[in-house]
Undergrad: 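I'd like to ask you about the structure that follows.
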Number of protein chains: 2
Amino acid sequence: MVSQLVPRRGASVKDVAAAAGVSLGTVSNVLNRPERVRPSTRERVERAMLDLGFVRHEGARQLRAGTSRALAYVMLDGRNPFFTDVAQGIEDAAMADELSVFICNSAGSDSREHAHLEHLQQQRVQGILITPVDPDSAFLAEIVRRGTPVVIVDRTRGADRFCTVAVDDVLGGRLAVEHLVELGHEHVAFVGGPTAIGQVRDRLEGARSAWVEAGRDPDALVHLATAGLTVTEGRAAGERLAGLPRRRRPTAAFCANDLLALGLLQQTIGAGGDVPRDLAIVGYDDIDFAAAAAVPLSSVRQPRQELGARAAALALEEATDPGHMHQQVVFQPELVVRASSRG
Amino acid sequence: MVSQLVPRRGASVKDVAAAAGVSLGTVSNVLNRPERVRPSTRERVERAMLDLGFVRHEGARQLRAGTSRALAYVMLDGRNPFFTDVAQGIEDAAMADELSVFICNSAGSDSREHAHLEHLQQQRVQGILITPVDPDSAFLAEIVRRGTPVVIVDRTRGADRFCTVAVDDVLGGRLAVEHLVELGHEHVAFVGGPTAIGQVRDRLEGARSAWVEAGRDPDALVHLATAGLTVTEGRAAGERLAGLPRRRRPTAAFCANDLLALGLLQQTIGAGGDVPRDLAIVGYDDIDFAAAAAVPLSSVRQPRQELGARAAALALEEATDPGHMHQQVVFQPELVVRASSRG
DNA sequence: TCCTGGAATTGAAAGGTTTCAAGAGATTCC
DNA sequence: GGAATCTCTTGAAACCTTTCAATTCCAGGA
C-alpha cells in the first residue's frame, strides 16, 4: 500500500522576516553570517525564529547554494558488526567536518543497492562510500560520470575509476595460514564462500600461497565452501567437518570472517569437541564478539574505523579538489592470536 | 579541518528539454506522469536524459512538491545488533511504501542525537523514528510542534505526546525471573545499568516483583550495577561475581541485555566455571549471537523487526492522516530457553 | 472543407533559500 | 559642516522542479 503524502508547510524565512520586521536578506544573514548583523537585530530575528518554530528548508538551501552537507555509506550487510564499525569510523570523521552521514544498507541485494544509489544521487550528497555487491558494476562508473564522487570501501577492484580503501586480504590470508603452519598443522580447512565475493577469493588466495610456500601438500588445504558469511553457515560447515573420517579431518580451520568462525566454534564445542585441541580456529575481521566468544577467537584484525575515516576523507577530497587523482589506500591487517588457536 | 565545498551542477530539466526539443513541462511529465506523453516523445526525452547524465534534483523537487519521500531512524547504539535489526524492520516496511530511510546513530550521545534531529527536520523527512537518549527531552516535543511526526521506539515514556512502539519490559523481566524461580534458584543477580536507562529500570522492576511474588527473600535478588550495556561490562560483572564468597554468590544471573550476558558467559567459562551448573544465565533481546554463543543463551525475545515495521507504519499514518491520534503499541516479549539456563 | 473533442504539449508561476550589488545610517576626520 | 568611511540592511535575481490552465495538434464525423 502506497500512502498519500500531504505537503507540510511551516514558517519560512519570509515569515520570520515579517515577524521580526526585517528583510529576507537579514534573516539569511543571521543564518549564514551572523557576525554581519547587529546583535540587537540578530536577537530579534532569533526570537522570531523560535516563536514561529522556523526550520530551515534544506532542499531550498541546497537548490540555491548548490551544495549539500552530507556523505553517504552504503553497507553490504547491516547485521555484520564489521560494517557497522566501518560506518562508525565514517561518522566520526564526517562529524569533524560538520557533515552528516546517511547510512544505507543494501543487505547484499543488487536492487536495494541500486535504489539507494539512485536516491543518494538525487539528494546531491557530496560523496558516496560503498562496499558494493559488485564492484565492477557499470552503474558505479556512471554515477561518477554524473558527478558524484564514489569511494569503494573494502575492495580494490575498479581501482582506476575510483578511489578505494581496503585492507590487503591476500596478506591477511597469509598471516592466518602462516600462523597455523607454525603451530604444526598439516591439515587445514579454509571455510568460506561464495568465491564470487572478492574478499573471500583474496583471503583464500593468500592462504593457499602461504601454505604452498611453507612446503605443505597443496591438497591438505581444503576449501570448505559456504553459501554465505553468516553464523548459521559456520555451524553448517562445522557439521560437515565433524562428518569427515578422523584421519581426513583438518586439525585447524581458517574462516573467511568471524561470523563463520563463531558458528564453527559453537558447533564444535556443542558437539563436545575442544577448541583448539581438536580444532584450532582463526577468524577474520576481529569484531568485538570475537574476543568475547567462549573460546576467545584468534582473528585477522582490520582497522575498521580507520578504513571508514580514510574513505570519508578521500570522498571529500574528490568532491572539493578539482585536480583530484584517484588513490588506492591499502591498510595492513594484523593477526591477533587468542585462545582458539593457542593450544 | 572544515573543507571548502564546491557546487556541483549537472544537466537540469531545462537542458534535457532543449536537447530533446520539447518544453520543460513535457520533461516533467515524462518524470512524473509518463502515461500522459506520447511514446515517441517520451523516448526522445529519455534518450536525452541518458545522454546528458541527468539526475533529478531532489531538493528542488521537494521544494516545489512540498513533500519528501524519506523516513529516518535514530538508533541509540549502532553497534548493538538489537538496534540494527529494528532498523532492518523499518527499512523493509518503508521500502514497501516506496520511502527511503535515513539511518542515524546517536551512539548514546546527547549532542550527536541533537545534531541528527536538527538535520532531519531540515531535510523535511516524513517522520522521525527514534530510540532516544532521553525520552523526556523537551526537544522531541518541540520537533512535533514544528510539524515532524516523531515515533518513540522501544520506550513507553512521553506516551501522551508521541506514538510509541515498545515491548513490555516489566513483563520481560518477570518472565526471566519466573523461569529462574522455577528452576529452584534461591539467589539471583540482576546485572545491568545504569538505571537512568528506562529499559534497565523496567526489566529490574519486573524481575523484582516476580521474585517477591514467588515468596523469595527480597534481599536474595541482588542488583549488580554496570556502567553500560556492553560485552566488556558483562565481563567485569562476571569478575565481581566470581569475587564473592561462595555462599553469598548467586547461582543465576539475569542480564539487562544480551551483550552483558555474553560478556558474563565468557568470563565465567574462561575462569573454569560451568554454565549453567555454576551459574545459569538469562539474557535479553535474543540477538542472533545469543543462540550462537558457546553455551547457547536463554534470552527474552523481542519482536525486533516487527517493532521497526510498526513504528514506520505509525509515523506514516501520523504524517498523512490529519485526524491522527497518538497510539501506544506494546508487544509481548517471549522467553526463549536454551542451554545457558537449562541444567 | 469545417468542426469537434480528446490527446499531447506548452509556458508561466510558485516554492524557500542564498547571494550580491546597492542603499541607508551612523561615525570619524578635517 | 561636509566628505569620507564604516557598518548594517535591503531587494531582486537565481537555483530546479512541479503544476495547471491554456494552447496546439490530430483524427474522425458531418
Side-chain angles (χ1 to χ4, degrees), chain A residues 4-46 48-49 52-69 119 121-124 146-147, chain B residues 4-46 48-49 52-69 119 121-124 146-147:
Chain A
Q4 179 70 32
L5 299 181
V6 298
R8 232 174 0 88
R9 303 211 190 269
S12 72
V13 254
K14 201 193 283 187
D15 301 322
V16 173
V22 297
S23 75
L24 286 191
T26 301
V27 178
S28 177
N29 280 336
V30 170
L31 250 21
N32 302 298
R33 297 177 220 69
E35 74 285 358
R36 281 209 201 155
V37 10
R38 190 196 302 160
S40 64
T41 314
R42 180 165 62 205
E43 204 172 311
R44 204 148 31 92
V45 172
E46 280 165 348
M49 288 184 176
L52 297 174
F54 169 78
V55 179
R56 188 215 228 114
H57 192 299
E58 172 65 19
R61 208 217 96 247
Q62 211 179 105
L63 172 59
R64 172 62 227 205
T67 258
S68 95
R69 306 268 336 150
H119 194 91
Q121 287 181 82
Q122 297 185 0
Q123 289 279 342
R124 297 293 193 273
R146 293 192 196 154
Chain B
Q4 179 72 32
L5 299 183
V6 297
R8 229 175 2 89
R9 304 213 188 268
S12 73
V13 263
K14 200 194 285 185
D15 302 320
V16 173
V22 297
S23 75
L24 286 192
T26 300
V27 178
S28 177
N29 280 337
V30 170
L31 287 166
N32 301 297
R33 298 178 219 66
E35 73 285 357
R36 281 208 202 156
V37 11
R38 188 195 307 161
S40 65
T41 314
R42 180 164 64 206
E43 203 172 311
R44 203 147 33 93
V45 172
E46 280 165 349
M49 288 183 174
L52 296 173
F54 169 76
V55 179
R56 191 214 227 113
H57 192 299
E58 171 65 20
R61 207 217 98 247
Q62 209 179 109
L63 172 58
R64 173 61 227 207
T67 258
S68 94
R69 306 264 342 147
H119 194 89
Q121 287 181 82
Q122 298 185 359
Q123 289 278 343
R124 297 292 193 276
R146 293 191 195 156

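By convention in this document, chain letters (A, B, ...) are assigned in the order of the sequence lines, proteins followed by strands, and residues within each chain are numbered from 1.
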Undergrad: Write down the distance between CD (Q121(B)) and C1' (dG16(C)), rounded to a whole number of angstrom.
TA: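 These atoms are roughly 17 Å apart.
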
Undergrad: From CG of L52(B) over to P of dC16(D), roughly how many Å is that when rounded to an integer?
TA: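 Taking CG of L52(B) and P of dC16(D), I get 14 Å after rounding.
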
Undergrad: What's the closest nucleotide to the side chain of R61(B) if the choices are dT18(D), dT18(C), dG16(C)?
TA: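 Nearest listed nucleotide: dT18(D).
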
Undergrad: From E58(A) CD over to R124(B) CZ, what is the distance, rounded to the nearest 0.5 angstrom?
TA: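 Result: 9.5 Å between the selected atoms.
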
Undergrad: Where along residues 22-31 of chain A does a heavy atom come under 4.0 Å from DNA chain D, residue by residue in number order?
TA: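 V22(A), S23(A), G25(A), T26(A), N29(A), in order of number.
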
Undergrad: Step by step, would you call L31(A) with F54(A) a side-chain contact (heavy atoms from CB on, under 4.5 Å)?
TA: CA-CA 11 Å; L31(A) 250 21; F54(A) 169 78; 4.0 Å; yes

Undergrad: Rounded to the Å, how far apart are Q123(B) CD and dG16(C) C1'?
TA: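 One finds 15 Å between C1' of dG16(C) and CD of Q123(B), rounded.
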
Undergrad: Within this structure, what is the CD-to-P distance between Q62(B) and dC15(D), rounded to whole angstrom?
TA: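 Going from Q62(B) (CD) to dC15(D) (P), I get 20 Å.
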
Undergrad: Rounded to the nearest angstrom, tell me the gap between atom NZ in K14(A) and atom P in dT18(C).
TA: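 Interatomic distance, NZ of K14(A) to P of dT18(C): 15 Å.
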
Undergrad: Quick one: does R38(B) reach the base of dA8(C) with a side-chain donor-acceptor pair under 3.5 Å?
TA: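 In this structure, the two groups form no donor-acceptor pair.
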
Undergrad: Which pairs with one or both residues in residues 33-44 of chain A pass side chain to side chain donor-acceptor pair (under 3.5 Å), sequence neighbours excluded?
TA: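 Every pair satisfying side chain to side chain donor-acceptor pair (under 3.5 Å) with a residue in residues 33-44 of chain A: N29(A)-R33(A).
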
Undergrad: Need to verify one output field. Residue with the more 5' nearest nucleotide on DNA chain C, V55(A) or R44(B)?
TA: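 With V55(A) and R44(B) compared, the 5'-side residue is R44(B).
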
Undergrad: Report the distance from atom CZ of R36(A) to atom P of dT18(C), rounded to the nearest whole Å.
TA: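 These atoms are roughly 13 Å apart.
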
Undergrad: Of the nucleotides dC16(D), dT18(C), dT9(C), which one has an atom closest to the side chain of T41(B)?
TA: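 Between dC16(D), dT18(C), dT9(C), the one nearest the side chain of T41(B) would be dT9(C).
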
Undergrad: Choosing from dT17(C), dT18(C), dT19(D), which nucleotide comes nearest the side chain of N32(A)?
TA: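 Within the option list, the nearest is dT18(C).
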
Undergrad: Can you tell me how far CG of N32(A) sits from CZ of R56(A), rounded to the nearest 0.5 angstrom?
TA: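 Output value for this atom pair is 5.0 Å.
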
Undergrad: Taking CZ from R69(B) and C1' from dT18(D), how many angstroms apart are they, rounded to a whole number?
TA: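 Answer to the nearest Å: 15 Å.
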
Undergrad: Would the distance check show the side chain of R61(B) and the main-chain N or O of T67(B) forming a donor-acceptor pair, the cut-off being under 3.5 Å?
TA: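 Yes, R61(B) side chain to T67(B) backbone: donor-acceptor pair under 3.5 Å.
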
Undergrad: Return the CG to CZ distance between L52(B) and R146(A), rounded to the nearest 0.5 Å.
TA: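 Answer for the CG-CZ pair, L52(B) versus R146(A), is 11.0 Å.
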
Undergrad: Taking any heavy-atom pair under 4.0 Å as a contact, classify R33(A): base, sugar-phosphate, or nothing.
TA: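 Counting heavy atoms under 4.0 Å across all strands, the contact made by R33(A) is with sugar-phosphate only.
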
Undergrad: Which nucleotide sits closest to the side chain of V37(A): dT17(C), dG15(C), dT9(D)?
TA: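 Ranking dT17(C), dG15(C), dT9(D) by closest atom to the V37(A) side chain puts dT9(D) first.
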
Undergrad: Working note: Q122(A) + H57(B), criterion side-chain contact (heavy atoms from CB on, under 4.5 Å); need CA distance, chi angles, decisive distance, verdict.
TA: CA-CA 5 Å; Q122(A) 297 185 0; H57(B) 192 299; over 6 Å; no

Undergrad: In whole Å, I'd like the distance from the CZ atom of R64(A) to the P atom of dT17(C).
TA: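 Checked: the CZ to P distance equals 14 Å.
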
